[in-house]
2 protein chains.
Amino acid sequence: MSPAPDFEHLMRAAGLRVTRPRLAVLAAVHAHPHADTDSILGIARARIGEVSHQAVYDVLRALTSAGLVRRIEPAGSVARYEARVGDNHHHVVCRSCGVIADVDCAVAYTPCLTASDDHGFEIDEAEVVYWGRCPDCAGASPSAAVSN
Amino acid sequence: MSPAPDFEHLMRAAGLRVTRPRLAVLAAVHAHPHADTDSILGIARARIGEVSHQAVYDVLRALTSAGLVRRIEPAGSVARYEARVGDNHHHVVCRSCGVIADVDCAVAYTPCLTASDDHGFEIDEAEVVYWGRCPDCAGASPSAAVSN
DNA sequence: CGGACATCTTGACTCATTCCAGAAAAGGAC
DNA sequence: GTCCTTTTCTGGAATGAGTCAAGATGTCCG
């Protein structure tokens with residue numbers, strides 16, 4: 001993954017104050033895509049020592065609304081965050097283990113933004129989630145076989 | 001939508017025992033698409049008097065796994081249920097008021113099931129959520145999104 | 001350097017959903 | 001119709017992500 005973007009500069013450009021908790025959280029999200037809040041809290045603490053969970057929630061919200069991170073929330077899962085923003089990509093989620101992988105949009109340009117009937121809504125985003133089973137889970141028990 | 005399907009027969013066909021709470025919940029979901037669990041509880045109680053919230057949760061789970069209702073869970077919202085199952089349709093969600101509307105898939109046949117790169121996943125479903133603003137909210141404040 | 005204001009800390013709290021264990025009811029067999 | 005087994009319902013408590021509030025602290029700007 002990308003070594004280490006200039007997080008500090010990114011934040012300033014977004015009009016955010018630069019603080020230790022924010023740098024730690026942003027770095028954590030970059031280093032661990034699709035991590036949940038609790039994991040991020042752990043990673044951030046490993047980096048800078050003490051950080052309150054409230055601070056992490058606040059920071060994640062600030063970074064999200066600033067567009068530096070993106071929040072994803074697959075059904076049945078807690079909120080997760082990723083640093084890939086701006087590009088148009090979606091996700092594949094494993095029904096068994098919950099692992100998430102990125103998938104570039106098949107249509108490339110704001111894809112499915114074309115709903116067959118938009119009911120008068122002003123649509124600004126189409127979120128696609130592919131559900132299935134990851135290679136590991138599919139291999140582990142295609143139906144009932146237990147090989148190891 | 002169909003006036004009043006034979007709920008009892010539907011349940012028996014699905015191998016479920018027919019109980020008063022189940023009939024009430026299934027009827028409630030049919031009558032109020034996209035209702036959340038609490039609303040369904042209220043509607044069910046209005047129909048048959050007392051029902052425990054636990055019963056409603058259990059019934060909804062049973063109906064969901066039997067394929068009689070579908071559970072949808074837009075990010076930032078509680079679980080909601082709808083009775084339209086089997087057909088391939090997606091949803092539009094209003095960012096301001098949270099209202100949900102059905103949208104038939106633009107591609108009609110298991111649409112976006114074609115991910116550009118499936119990472120080896122065995123994909124069995126593509127869920128699409130269109131985010132935007134409903135006619136009412138868009139009209140109320142065209143530019144500034146003022147959720148609350 | 002110092003003030004003003006955003007951000008972090010602490011700790012309690014909300015709320016959807018789930019877990020538990022006993023009581024009750026539905027379905028099926030005879 | 002009656003009895004038995006299985007499944008469901010009740011009521012209460014627990015879980016856990018996420019939020020609220022108030023005061024302490026740190027950042028940024030002049």
Side-chain angles (χ1 to χ4, degrees), chain A residues 7-29 34-45 47-66 68-69 71-81 98, chain B residues 7-26 28-29 34-45 47-66 68-69 71-81 98 100 147-148:
Chain A
F7 299 134
E8 184 172 336
H9 187 271
L10 277 175
M11 278 192 239
R12 289 190 194 288
L16 294 174
R17 285 192 179 177
V18 179
T19 66
R20 205 166 5 265
R22 287 183 169 180
L23 284 171
V25 168
L26 186 49
V29 174
H34 310 141
D36 59 76
T37 309
D38 200 55
S39 303
I40 293 172
L41 173 59
I43 299 165
R45 282 191 173 149
R47 284 174 174 268
I48 62 172
E50 275 303 299
V51 199
S52 66
H53 79 131
Q54 183 59 56
V56 172
Y57 275 98
D58 286 348
V59 169
L60 285 172
R61 192 186 315 169
L63 293 178
T64 300
S65 61
L68 294 184
V69 304
R71 174 186 178 129
I72 55 183
E73 218 173 314
S77 165
V78 297
R80 288 160 183 287
Y81 296 84
Chain B
F7 298 135
E8 184 173 335
H9 187 272
L10 276 175
M11 278 191 237
R12 290 191 196 288
L16 294 174
R17 288 189 180 178
V18 179
T19 66
R20 201 164 11 257
R22 287 184 169 180
L23 283 171
V25 169
L26 186 50
V29 175
H34 311 141
D36 58 75
T37 310
D38 201 54
S39 304
I40 293 173
L41 174 58
I43 299 166
R45 281 190 173 150
R47 283 173 175 270
I48 62 172
E50 274 304 299
V51 199
S52 67
H53 77 131
Q54 182 59 57
V56 172
Y57 273 99
D58 285 349
V59 169
L60 284 172
R61 191 188 313 168
L63 293 178
T64 300
S65 62
L68 294 185
V69 304
R71 176 185 176 131
I72 55 183
E73 222 173 308
S77 165
V78 297
R80 289 160 184 284
Y81 297 84
I100 301 176
S147 40
N148 59 344

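Letters go in sequence order (proteins before strands), and every chain restarts at 1.
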J.: Round to the nearest Å and state the distance from B/Glu73 atom CD to C/dC15 atom P.
T.: 19 Å

J.: Can you check the B/Arg22 CZ to C/dA25 C1' distance for me, whole Å?
T.: 12 Å

J.: Look at the side chain of A/Glu73 and the backbone N and O of B/Gly76, then say whether any donor-acceptor pair between them is shorter than 3.5 Å.
T.: yes

J.: Could you tell me how far apart B/Glu8 (CD) and C/dG27 (C1') are, to the nearest whole angstrom?
T.: 13 Å

J.: About how many Å separate CZ of A/Arg61 and CZ of A/Arg71, when rounded to the nearest 0.5 Å?
T.: 8.5 Å

J.: Hey, what bend do you get for the helix from C/dC1-D/dG30 to C/dC30-D/dG1 if you fit axes on five pairs at each end, rounded to 10°?
T.: 40°

J.: Taking C-beta and beyond as the side chain, do B/Val29 and B/Leu60 meet within less than 4.5 Å on heavy atoms?
T.: yes

J.: Could you tell me the separation between the CG atom of A/Leu26 and the CZ atom of A/Phe7, rounded to the nearest 0.5 Å?
T.: 5.0 Å

J.: A/Ala62 near the nucleic acid: base, sugar-phosphate alone, or nothing, with a heavy-atom cut-off under 4.0 Å?
T.: nothing

J.: Indicate whether OP1 or OP2 belonging to C/dA16 is found under 4.0 Å from a side-chain N or O atom of B/Thr37.
T.: no

J.: Would you mind reading off the distance between B/Asp38 atom CG and C/dC15 atom P, rounded to a whole angstrom?
T.: 11 Å

J.: Which nucleotide, D/dT10, D/dA21, C/dA16, lies nearest any side-chain atom of A/Gln54?
T.: D/dA21

J.: If I compare all heavy atoms of B/Ala62 with all of B/Arg22, which pair ends up nearest, and what's the gap?
T.: CB-NH2, 3.9 Å

J.: Quick one: side chains of residues 34-43 of chain A, donor-acceptor pairs under 3.5 Å with protein atoms, not counting sequence neighbours, listed by atom name and distance.
T.:
unit_1: A/His34; atom_1: ND1; unit_2: A/Ile100; atom_2: O; d: 3.3
unit_1: A/His34; atom_1: NE2; unit_2: A/Glu82; atom_2: OE1; d: 3.1
unit_1: A/His34; atom_1: NE2; unit_2: A/Asp102; atom_2: OD1; d: 2.9
unit_1: A/Asp36; atom_1: OD1; unit_2: A/Asp38; atom_2: N; d: 3.0
unit_1: A/Asp36; atom_1: OD1; unit_2: A/Ser39; atom_2: N; d: 3.0
unit_1: A/Asp36; atom_1: OD1; unit_2: A/Ser39; atom_2: OG; d: 3.3
unit_1: A/Asp36; atom_1: OD2; unit_2: A/Ser39; atom_2: OG; d: 3.1

J.: Please encode protein proximity along nucleotides 24-30 of chain D as a string of B, S and -, counting only heavy-atom distances under 4.0 Å.
T.: --BBS--

J.: Measure from the side-chain heavy atoms of B/His53 and tell me the nearest of D/dT19, C/dT7, D/dG12.
T.: D/dG12

J.: Taking the nucleotide of DNA chain C with the nearest heavy atom to each, does B/Arg71 or A/Pro21 sit closer to the 5' end?
T.: A/Pro21

J.: Write down the distance between OH (B/Tyr81) and C1' (C/dA16), rounded to a whole number of angstrom.
T.: 10 Å

J.: Check B/Met11 against B/Leu63 and note the closest heavy-atom contact, atom names and distance.
T.: CG-CD2, 4.5 Å

J.: Take the protein atom CG of B/Asp58 and the nucleotide atom C1' of C/dG22, then report the distance between them rounded to whole Å.
T.: 15 Å

J.: Working to the nearest 0.5 Å, report the span between CD of B/Glu8 and OG1 of B/Thr19.
T.: 10.5 Å

J.: Closest approach to the side chain of B/Ala79, judged atom by atom: which nucleotide of D/dT10, C/dT17, C/dC8 is it?
T.: C/dT17

J.: Kindly say if B/Tyr57 contacts the phosphate of C/dT17, meaning a side-chain N or O under 4.0 Å from OP1 or OP2.
T.: yes

J.: Is there a side-chain contact between A/Ile48 and A/Leu23, using heavy atoms and a 4.5 Å cut-off?
T.: no

